[in-house]
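Since the structure is predicted, the reported quantities are computational estimates derived from the model, not experimental observations. For this chain, numbers begin at 1 and follow the sequence in order.
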Amino acid sequence: MGKSKVLVVGGTGYIGRRIVRACLAEGHETYVVQRPELGLQIEKLQMLLSFKKQGAHLLQASFSDHKSLVDAVKKVDVVISAISGVHFRTHCITLQLKLVDAIKEAGNVKRFLPSEFGLDPARMGDALEPGRVTFVDKMAVRKAIEEANIPFTYISANLFAGYFAGSLSQMGSFVPPRDKVHLFGDGTLKAVFLDEDDVAAYTVKAIDDPRTLNKTLYLRPPQNILSQAELIGIWEKLIGKELEKTYIPPEGFLTTLKGLDYKLQVGIGHFYHIFYEGCLTNFEIGEEGAEASELYPEVNYTRMDEYLKVYV
């Protein structure tokens with residue numbers, strides 16, 4: 001079998017641009033949606049043109065034009081959506097319902113990967129308000145996919161290193177502190193940290209793999225399953241200095257959360273489930289899922305000691 005033709009929706013976004021590059025690197029005939037709503041966002045236009053120079057095909061399509069979506073979908077075998085779901089940037093998850101309608105009408109897609117790439121929403125039914133909206137919206141998209149009998153793979157990529165590792169999981173910064181650091185609880189619950197390029201590599205590996213059909217692919221590379229305290233320890237070793245530590249109890253964290261802007265409450269509220277409940281690692285992957293590093297040992301994923309070196 002040849003490699004699938006792939007359409008990436010949201011190809012100029014944070015994870016989408018990496019998925020486009022991974023598709024091209026793996027030799028897939030790659031199509032990227034160019035939305036007319038791009039307007040004067042010249043950086044995104046130039047990114048699309050750079051993809052074109054690398055061999056990608058640009059397709060004009062819009063969520064406000066159903067026919068254009070159907071026409072785009074008909075050109076490919078696999079659709080990967082990477083539209084934004086981060087509230088403090090843009091939250092567009094439910095726009096995918098229009099994409100689901102287009103895929104259903106086209107009738108030719110053999111795999112759809114919706115925009116998830118974080119915590120598994122199916123396990124977040126008891127999430128705190130207002131952050132639960134993220135998971136509610138993603139589950140609404142899943143429901144539409146499955147009711148339309150569209151073959152799928154869901155990607156649970158856990159924590160993007162750019163957001164959570166470079167900052168040592170501090171709120172309000174993306175760079176590691178050099179003097180003082182806050183830990184959630186006692187800092188010992190395990191999380192999973194992924195270099196975003198590795199997220200893209202594992203995602204693209206999965207699209208033609210029958211082992212991931214109609215399953216959730218969990219990205220849990222074993223050497224990147226770390227507690228916040230272990231992550232901080234890696235940084236301290238790199239800079240040769242022990243940081244002053246403040247431990248935030250759960251009740252203190254929730255009190256702080258209430259005073260934040262709504263958009264920040266949505267995103268930062270997820271910290272509670274990750275670092276106070278251990279929601280990324282407190283379950284075993286069952287038959288409905290698969291683990292990426294076991295399926296694709298050839299992916300030489302970035303370890304967090306190597307990842308953090310660039311910040312020294």
Side-chain angles (χ1 to χ4, degrees), residues 12-22 25 43 47 50 82 84 86 88-89 117-119 155-204 218-248 252-253 256 264 267-268 270-276 278-281 292-293 296-312:
T12 62
Y14 185 73
I15 196 67
R17 61 180 181 263
R18 293 172 168 87
I19 290 172
V20 172
R21 290 196 291 263
E43 295 89 351
M47 191 184 303
S50 74
S84 176
V86 181
F88 70 80
R89 299 173 73 175
F117 305 108
L119 287 66
I155 304 292
S156 178
N158 297 300
L159 302 182
F160 290 163
Y163 282 84
F164 288 90
S167 66
L168 307 184
S169 301
Q170 303 301 286
M171 295 185 290
S173 176
F174 292 140
V175 295
R178 292 179 175 267
D179 297 302
K180 301 178 180 180
V181 66
H182 292 91
L183 287 87
F184 303 108
D186 61 6
T188 61
L189 290 181
K190 299 284 188 178
V192 190
F193 302 87
L194 270 294
D195 182 298
E196 291 84 345
D197 288 334
D198 294 337
V199 172
Y202 284 125
T203 298
V204 174
Y218 295 92
L219 277 52
R220 281 189 182 180
Q223 292 190 41
N224 286 2
I225 301 175
L226 302 165
S227 68
Q228 189 190 10
E230 287 171 328
L231 186 69
I232 291 167
I234 291 170
W235 176 243
E236 289 176 326
K237 185 176 180 180
L238 285 171
I239 63 173
K241 177 182 178 181
E242 185 172 345
L243 304 182
E244 180 184 330
K245 299 174 179 67
T246 300
Y247 295 86
I248 304 173
F253 177 84
T256 302
L264 291 176
I268 294 177
H270 300 166
F271 277 64
Y272 183 85
H273 303 292
I274 295 164
F275 295 110
Y276 290 100
C279 69
L280 301 181
T281 58
S293 65
Y296 315 113
E298 68 273 17
V299 175
N300 184 25
Y301 65 89
T302 302
R303 279 65 172 172
M304 287 301 102
D305 56 348
E306 191 66 30
Y307 184 88
L308 285 172
K309 284 181 180 178
V310 73
Y311 295 93
V312 175

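When side chains are defined from C-beta on, L280 counts as touching L119, because their heavy atoms get closer than 4.5 Å. Considering only heavy atoms from C-beta on, L308 comes within 4.5 Å of L231 through its side chain. Put simply, the side chain of V299 does not reach to within 4.5 Å of the side chain of S293, judged on heavy atoms.
Ring centers of Y307 and Y301: at least 6.0 Å apart, outside the cut-off. The aromatic ring centres of F160 and Y14 sit less than 6.0 Å apart.
Put simply, CG on D195 and CG on L219 are 11.5 Å apart, with the number rounded to the nearest 0.5 Å. The CG atom of L159 lies 12.5 Å from the OH atom of Y163; values are rounded to the nearest 0.5 Å. Summarising the geometry, atom CG belonging to L189 is positioned 8.5 Å from atom OG belonging to S227; distances are rounded to the nearest 0.5 Å. Atom CD1 of I234 and atom CG of D305 lie 5.5 Å apart (nearest 0.5 Å). The distance from the CG atom of L194 to the OG1 atom of T302 is 9.5 Å, given to the nearest 0.5 Å. Distance CZ/R178 to CH2/W235: 4.5 Å, rounded to 0.5 Å.
Panel note: side chain S169, backbone A165; no donor-acceptor pair is recorded below 3.5 Å. A donor-acceptor pair is defined here as one N or O able to donate and one able to accept, closer than 3.5 Å; no such pair exists between the side chain of R21 and the backbone of A200. Between the side chain of E196 and the backbone N or O of G162 there is at least one donor-acceptor pair closer than 3.5 Å. A donor-acceptor pair under 3.5 Å is absent between the side-chain atoms of Q228 and the main chain of F275, judged by distance alone.
The shortest non-hydrogen separation linking A292 to Y202 is CB-CD2, 3.6 Å. Residues N158 and V192 approach most closely at CB-O, 3.5 Å, considering heavy atoms. Of all heavy-atom pairs between A22 and V204, the closest is CB-CG2, 3.6 Å. Heavy-atom minimum distance, Y276 versus G185: CE2-N, 3.2 Å. Annotation for A82 and F117: closest pair CA-CE1, 4.3 Å, computed over non-hydrogen atoms. Minimum interatomic distance between M304 and N224 (heavy atoms only, all atoms of both residues): N-OD1, 3.5 Å.
The residue from L168, T188, I248, I232 that alone fulfils the side-chain contact (heavy atoms from CB on, under 4.5 Å) condition with L183 is I232. Partner F164 forms a ring pair (Phe, Tyr, Trp, His ring centres under 6.0 Å) with one of F184, F174, F271, F193 and no other, that one being F271.
Pairs passing the salt bridge (Lys or Arg N to Asp or Glu O under 4.0 Å) check and including a residue from residues 179-192, sequence neighbours excluded, read D179-K241, K190-E230.
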* Decide yes or no on side chain to side chain contact (heavy atoms under 4.5 Å, CB included) for R18 and D197, but give the supporting numbers first. => CA-CA 6 Å; R18 293 172 168 87; D197 288 334; 3.3 Å; yes

* Is there a salt bridge (Lys or Arg N to Asp or Glu O under 4.0 Å) between K245 and E236 once you walk through the steps? -> CA-CA 12 Å; K245 299 174 179 67; E236 289 176 326; 2.6 Å; yes

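Salt-bridge formation is not detected for the pair K237/E242: no Lys NZ or Arg NE/NH1/NH2 atom is positioned less than 4.0 Å from an Asp or Glu carboxylate oxygen. A salt bridge links K309 with E306: at least one charged nitrogen is closer than 4.0 Å to a carboxylate oxygen.
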